[in-house]
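Down below is the structure, laid out as structure tokens.
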Amino acid sequence: MNMQQEKVVSFVNLKSQADKLEHGIQNAINRVIAHGRFIMGPEVFEFERKLAEYCGAKYAVTCSSGTDALLMALMAINLRPGDVVLTTPFSFIATAEVIALLGAVPVFVDIEPDTYNIDPEKLNKTISVLKGNKKKNVRCIIPVDIFGLPADFEKINEVAKSHGLHVIEDAAQGFGGSLKENKACHLSDIGTTSFFPAKPLGCYGDGGAIFTDDDKIHEKLVSIRIHGKGEGKYDNVRIGINGRLDTIQAAVLLEKLKIFDWELERRNVIAAYYRERLEGKVNCQQLNKGFQSAWAQFSFVSEQREMIMEKLDEKGIPWAVYYPKALHLQKAFSFLGYSKGDFPVSERVSETILSIPVHPYLSIESAEFISNTIISALCKR
Ligand SMILES: *Cc1c(COP(=O)(O)O)cnc(C)c1O
């Protein structure tokens, strides 16, 4: 093992990607500078067509971030103050933040211990209890494709249908994943994603998109994105936001989309290698039959997490903990009145979860070095 060479392992390698795409991206940015249509330029619409095609959705509406994508989706279903939205406490703050931002009430439902995604059975039970309380207006479910692995949308959509609820897929990490023949972002009524640089498909700044097959929702999204516009820019028919994706970001994304499937394949190769080496030693995120992850992260739980982190540090290998604190325990949500012990699975996973590098530019030699390091940490007891 050549240790010197291994010092260059990075958690997300945007530099190698930039080198691979260098000329294409430079030329694409230069074309935008030359035509000067920085807001809603032709690249935005071309990218939307390609995105919709990629995910098999009727419409893709690009926007300013993954957070705004969720916000716009909730606005498009006319979420009202006091309405209830069910979601997972094991996610990035944005998922639940947008619910509260609109004055609605996030109600958390615990996750499955092996996929870390929202538990459809607990979801059904929680909804039944809430529906028993006539004062609660339950409207929507936001499952998250955590670490790139789609939530169990077959079961979730069924639960939603039986209760007459909307389902918004938070696929901020999920772009590229799939469930059977359906692509992530298109696993329910509305899907949202993020183009934050470190996500599976990232741009050179902030960006996001919303996917739907519904003509009415699409019409609303396009309006909400530009200050609730009606027929024209100075005709405003509803309250909206400034939620546009920059033309330059669309141009960058068009280039990155060209190599996305190749990158996804590379992530799959690395993830398969880790699973083969590490399974049985740690508990890798479970891939059930028919599910394909986008591998935004490669994550596992281990009771020996601290020992593994120490050993990785010793060898200069980066790692990350997503997420060290479940959302119901965040100070920002203290007004919801949750306490420790309310969602024991999410709490336990946040105490034992660890993510290791899985980017497309990681060599198998590096993956081997990382695996060996983890295994050696576990042997040294
Ligand atoms: C990153 C992320 C978001 C927010 O996306 P931004 O583009 O950073 O606003 C929302 N939900 C999840 C699960 C995320 O990982």
Side-chain angles (χ1 to χ4, degrees), residues 11-12 14 47 51 60-75 85-102 106 108-109 111 115-118 140-151 153 156 167-177 184-185 187-188 190-211 221 224-225 241-246 249-250 252-253 256 267 285 293-299 320-328 330 332-333 346 349-350 353 355 358-359:
F11 198 72
V12 180
L14 297 174
F47 180 54
L51 268 184
V61 177
T62 55
C63 65
S64 37
S65 70
T67 305
D68 286 342
L70 286 164
L71 181 68
M72 289 166 60
L74 289 173
M75 290 168 80
V85 180
L86 297 121
T87 192
T88 164
F90 189 69
S91 183
F92 181 57
I93 185 82
T95 311
E97 185 182 32
V98 289
I99 302 167
L101 193 60
L102 291 172
F108 296 117
V109 174
I111 57 171
T115 66
Y116 324 138
N117 277 323
I118 197 164
C140 178
I141 307 165
I142 308 185
V144 175
D145 298 339
I146 202 75
F147 306 141
L149 176 69
F153 280 93
I156 294 166
V167 180
I168 298 173
E169 176 191 3
D170 180 353
Q173 305 174 11
F175 188 87
C185 300
L187 299 177
S188 66
I190 307 178
T192 66
T193 197
S194 163
F195 305 124
F196 180 83
K199 307 279 172 163
L201 178 62
C203 60
Y204 285 180
D206 278 308
I210 308 139
F211 300 79
L221 288 170
I224 290 166
R225 170 169 67 181
I241 64 172
N242 174 357
R244 298 171 297 235
L245 178 74
D246 291 345
Q249 298 303 344
V252 169
L253 285 160
K256 288 212 188 183
R267 280 198 175 88
Q285 185 179 24
S293 179
W295 301 114
Q297 304 295 340
F298 186 90
S299 309
V321 171
Y322 302 113
Y323 295 91
K325 195 192 276 187
L327 296 181
H328 65 290
Q330 294 285 357
F333 288 126
S346 297
V349 169
S350 60
I353 194 87
S355 301
V358 71
H359 63 77

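Whatever order the structure lists ligands and atoms in, that order sets their numbers, starting from 1. Values below: all heavy atoms of this structure, side chains included; hydrogens, waters and symmetry mates excluded.
Applying the 4.0 Å criterion to heavy atoms of Val144 picks out, from ligand 1, the atoms 13 (C). With ligand atoms numbered from 1 in the order given, ligand 1 contributes 13 (C), 14 (C), 15 (O) to contacts under 4.0 Å with heavy atoms of Gln173. Set against the non-hydrogen atoms of Ser194, the atoms of ligand 1 under 4.0 Å away are 5 (O), 6 (P), 7 (O). Numbered from 1 in the order shown, with element, the atoms of ligand 1 that lie under 4.0 Å from a heavy atom of Ala94 read 4 (C), 10 (C). Residue Thr95 has at least one heavy-atom neighbour below 4.0 Å for each of these atoms of ligand 1: 11 (N), 13 (C).
Without hydrogens or angle criteria, Asp145 side chain to Ala151 main chain gives a donor-acceptor distance under 3.5 Å. Side chain of Ser188 to main chain of Val167: a donor-acceptor pair is present (N/O by atom type, distance under 3.5 Å, no hydrogens or angles). Side-chain atoms of Glu169 come within 3.5 Å of backbone N or O of Leu187 as a donor-acceptor pair. Between the Arg225 side chain and the Thr62 main chain, a donor and an acceptor come within less than 3.5 Å of each other.
Considering both main-chain and side-chain atoms, Asp206 never comes within under 3.5 Å of ligand 1 through any nitrogen or oxygen pair. Ligand 1 has an N or O atom lying under 3.5 Å from an N or O atom of Gly66, backbone or side chain.
In terms of protein heavy atoms, atom 14 (C) of ligand 1 is closest to Lys199 NZ, 2.9 Å. Protein heavy atom nearest atom 11 (N) of ligand 1, with residue, atom name and distance: Asp170 OD2, 2.8 Å. Closest to atom 4 (C) of ligand 1 among all protein heavy atoms lies Thr67 OG1, 3.5 Å.
Under the side-chain contact (heavy atoms from CB on, under 4.5 Å) test applied with Val98, the options Asp68, Leu71, Ile93, Asp170 reduce to a single match, Leu71.
Annotation for His359 and Phe11: closest pair CD2-O, 3.5 Å, computed over non-hydrogen atoms. Of all non-hydrogen atoms in Gly208 and Leu245, the two that sit nearest each other are N-CD1, 4.4 Å.
Note on ring orientation: taking the six-membered ring where Trp is involved, the planes of Phe147 and Tyr322 are tilted (angle from 30° to 60°).
At a 4.0 Å cut-off, at least one heavy atom of Ser91 sits close enough to ligand 1 to count as contact.
Under 4.0 angstrom from ligand 1, the non-hydrogen atoms of Ser65 come from both its backbone and its side chain.
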